[in-house]
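Below: the structure, in structure tokens.
As the structure lists them, so they are numbered: ligands from 1, and atoms in each ligand from 1.
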Amino acid sequence: MLNKKVAQALNEQINREMYSAYLYMSMSAHANNIGLKGFANWFMSQYHEEMFHAMKMYEYVLRQGARVKLLAVAEPPAEYASPLDMFTKTLEHERYITASLNTLMDLAIKEKDHATKIFLEWYITEQVEEEDNDNDIITELTLIGDNPHALLMLDREFATRAVTVPTDFSKGVEAAAKAAGE
Ligand code: FEO
């Protein structure tokens, strides 16, 4: 059972996760357009992670017997100045997501909603990893500077990133996560 405030805040967070997916899908398309197929793969893997985050929350709201209210997803930018610009914007966005999850956690604590608090812990832990990865990549891209050879080496490395989250939600997120050994 979710109270109205918590249900509304979770619905708003589903929207933020959907926007995250949309943003990384846009970055993937841009990377493809400028010939960085490995970067395109990296961002498409990130898109799948975000869809998993959104679907996991969607299913939680339903399982708690509350209403899912899907909100409009904003249009992400289509153009980026450089690979470094894409990752700088990625980190900026992830910091915003971390802050929104912290606010959501504060609300769950205030409303004494222990189930939601436990549920959100997974997301907050995940954010530490996401921000850490983005920081590492920004450092690498800063070191690479204008060196095209080094950039192509990183592009090749990014081409190997595999999707590790479930992508088939036809039987629900929980079932998909179990099947994927999550
Ligand atoms: Fe779902 Fe990248 O936070």
Original post:
Is there a chain of hydrophobic side chains (I, L, V, M, F, W, Y, each step under 4.5 Å between heavy atoms) that links Ile124 to Val165?
Top reply: yes

Original post:
With a 3.5 Å cut-off and no angle check, do the side chains of Ser20 and His53 form a donor-acceptor pair?
Top reply: no

If you look only at distance, which donor and acceptor atoms sit under 3.5 Å apart when one is on a side chain in residues 22-29 and the other is two or more places apart or in another chain?
unit_1 : atom_1 : unit_2 : atom_2 : d
Tyr24  : OH     : Glu94  : OE2    : 2.6
Ser26  : OG     : Pro77  : O      : 2.5
Ser28  : OG     : Ala40  : O      : 2.7

Original post:
Got more than 12 heavy atoms from elsewhere within 6.0 Å of CZ, Phe119?
Top reply: yes

Original post:
Distance below 2.8 Å from atom 1 (Fe) of ligand 1: how many protein N/O/S atoms qualify?
Top reply: 3

**OP:** Could I get the full list of salt bridge (charged side-chain N to carboxylate O under 4.0 Å, His left out) partners for Arg67, not counting sequence neighbours?
**Re:** none

Subject >> Residues which pass salt bridge (charged side-chain N to carboxylate O under 4.0 Å, His left out) with Glu111, listed by chain and number, not counting sequence neighbours >> reply: Lys5

